[in-house]
Novice: 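The structure under discussion is supplied below as C-alpha cells; questions concerning it will follow.
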Amino acid sequence: MRTVVFDLDGTLADTSGDLIAAANACFEGMGIATRLCPEGDALTAFHGGRAMLRLGLEREGLAEQIAAERMLEEWYPRLLAFYAEKIDLHTRLYPGAREAVTALRAAGYRTSVCTNKPEALAEVLLTRLGVRDLFGALVGADTLPVRKPDPAPYVAAVDRAGGDVAQSLLVGDTLTDRRTAAAAGVPCILVGFGPSGDAVRDMAPEAVIAGYDALEEEVRRLIG
C-alpha cells in the first residue's frame, strides 16, 4: 500500500527544451521578437505553458495591455499543439530516474504520476520515453476539475495506483509540489538537480535529493 507519487516535468524528465520551443513558435506566430532561452528560462517552462507565454509578453512590454490575457488564452491551445508535434525532440529522463522507479517497484512500492501537464500529453510523453508501464496511475492537469496544489489529484494518483494516502509521499521539484504535499498531509521529497538547484531547501521539504541514487533511502526513511 506504500506509494510514491512523482511529478513529471522537472522531476522525472527535463522537458524544458521542448516546452520552450513550443512557446517560441507561438511568439513567432504572434510576430513578436521575444524568444525564451532553454537554459535560462527552464524554471518558467516547468510552471507551464501559460507561464511561458506570460513571460514572453512581459518581456515584449505587452503584459499590461488589455488584450494580453485574451492573447494568452488564444495562443495557449496553439502552444499545446506545437508541443504535441515535437514532444520528445529534446526531452530526456533525468539520470537514474528509470532505475530508481524500477527499484522502488521491486521493493514493493506502488508508483504513480501526478502532473500539471494535460493527461493526454503526459501519456504520450511517458510512453515515448519508455516508462509508462512503470506507473500504476497517471493524473494530469485536466483529469479532475482541479489541479495541483489542490490535494485531490494527488489523492487520486495514490488511490488509482491501489495505495494508501497515509503511506505515501510526493517527489517533485517546485513550490507547487511542496504545497500539494502539505495540503495532502504527506511528506515531500524535492529534487535538487532541477533549475532551482539546492534552493529547493528553502521550501522546507522533508528531504532533498541530489540524484536518483539517493531516492530509495529517503523513501524508506519517510514512509517505511
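Numbers for residues simply follow the sequence, beginning at 1.
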Novice: Quick check: does any side chain N or O of Arg160 sit under 3.5 Å from a backbone N or O of Ala137, one acting as donor and the other as acceptor?
Specialist: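 Such a contact is absent between Arg160 side chain and Ala137 backbone.
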Novice: What's the spacing between Leu12 CG and Phe135 CZ if we round to 0.5 Å?
Specialist: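 Result: 4.5 Å between the selected atoms.
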Novice: Where the side chain of Asp18 meets the backbone of His90, is there a donor-acceptor pair that is under 3.5 Å apart?
Specialist: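 Flag set: sc Asp18 to bb His90 pair under 3.5 Å.
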Novice: Look at atom CZ of Arg105 and say whether more than 12 heavy atoms of other residues, nucleotides or ligands are closer to it than 6.0 Å.
Specialist: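 Atom CZ in Arg105 is packed in, count exceeds 12.
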Novice: How far apart are the closest heavy atoms of Phe27 and Thr34, and which atoms are they?
Specialist: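 Distance-wise, the nearest heavy atoms are CB-O, 3.4 Å.
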Novice: Any salt bridge between Glu217 and Arg221, counting N to O under 4.0 Å?
Specialist: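 No salt bridge links Glu217 with Arg221.
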Novice: With side-chain contact (heavy atoms from CB on, under 4.5 Å) as the test, pick out the partner of Phe46 among Thr11, Asn116, Asp173.
Specialist: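 Single side-chain contact (heavy atoms from CB on, under 4.5 Å) partner of Phe46 among Thr11, Asn116, Asp173: Asp173.
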Novice: Give the intermediate values and the outcome of side-chain contact (heavy atoms from CB on, under 4.5 Å) for residues Leu121 and Tyr83.
Specialist: CA-CA 9 Å; Leu121 291 178; Tyr83 180 59; 3.9 Å; yes
Novice: Tell me whether Arg179 contacts the main-chain N or O of Pro149 through its side chain, where contact means a donor paired with an acceptor under 3.5 Å.
Specialist: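 Not a single qualifying donor-acceptor pair exists.
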Novice: So which atom in Cys114 and which in Tyr154 form the shortest heavy-atom distance, rounded to 0.1 Å?
Specialist: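 Smallest heavy-atom distance, with atoms named: SG-N, 3.7 Å.
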Novice: Is it the case that Thr174 and Asp177 place a side-chain donor and acceptor less than 3.5 Å from each other?
Specialist: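 Yes - a donor-acceptor pair under 3.5 Å links their side chains.
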Novice: Under 4.5 Å between side-chain heavy atoms, hopping through other hydrophobics if needed: is there a path connecting Tyr94 to Val219?
Specialist: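 Yes, because Tyr94 and Val219 connect within a single hydrophobic cluster, where side-chain heavy atoms sit under 4.5 Å apart.
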Novice: Can you give me the closest heavy-atom contact between Ala210 and Phe193, atom names plus distance?
Specialist: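 That would be O-CD2, 3.4 Å.
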Novice: Tell me whether the count of non-hydrogen atoms from other residues, nucleotides or ligands lying under 6.0 Å of CD in Glu74 goes above 12.
Specialist: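 Enclosed: over 12 neighbouring heavy atoms sit under 6.0 Å from CD of Glu74.
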Novice: Roughly how far apart are Thr15 OG1 and Leu89 CG, rounded to 0.5 Å?
Specialist: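 Separation between the atoms: 13.0 Å.
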Novice: So Lys117 and Arg147, do their side chains get closer than 4.5 Å, heavy atoms only?
Specialist: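 Arg147 vs Lys117: side chains apart.
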Novice: Quick one: closest heavy-atom pair of Ile20 and Cys37, and the distance?
Specialist: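 Minimum heavy-atom separation between Ile20 and Cys37: CD1-O, 3.2 Å.
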Novice: For residues Thr115 and Asp7, report the shortest heavy-atom separation together with the two atoms involved.
Specialist: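 What the structure gives for the nearest pair is CA-OD1, 4.1 Å.
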Novice: To the nearest 0.5 angstrom, please state how far the CE atom of Met52 sits from the CG atom of Leu72.
Specialist: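 The CE atom of Met52 sits 10.5 Å away from the CG atom of Leu72.
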Novice: Enter the distance from Ile87:CD1 to Phe82:CZ here, rounded to the nearest 0.5 Å.
Specialist: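 Reported to 0.5 Å precision, the distance equals 15.0 Å.
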Novice: How long is the span from the CG atom in Leu134 to the CG atom in Leu126, to the nearest 0.5 Å?
Specialist: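 Atom-to-atom, Leu134:CG and Leu126:CG are 9.5 Å apart.
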Novice: How far does OG1 of Thr143 sit from CG of Leu138, to the nearest 0.5 angstrom?
Specialist: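 Interatomic distance, Thr143 OG1 to Leu138 CG, rounded to 0.5 Å: 6.0 Å.
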Novice: Between Glu69 and Arg54, is there a side-chain N and carboxylate O pair less than 4.0 Å apart?
Specialist: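 Result for this pair is yes, salt bridge flagged.
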Novice: Are Val165 and Phe6 connected in a single hydrophobic cluster, I mean Ile/Leu/Val/Met/Phe/Trp/Tyr linked by side-chain heavy atoms less than 4.5 Å apart?
Specialist: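 They do not share one cluster, since no chain of ILVMFWY contacts under 4.5 Å joins Phe6 to Val165.
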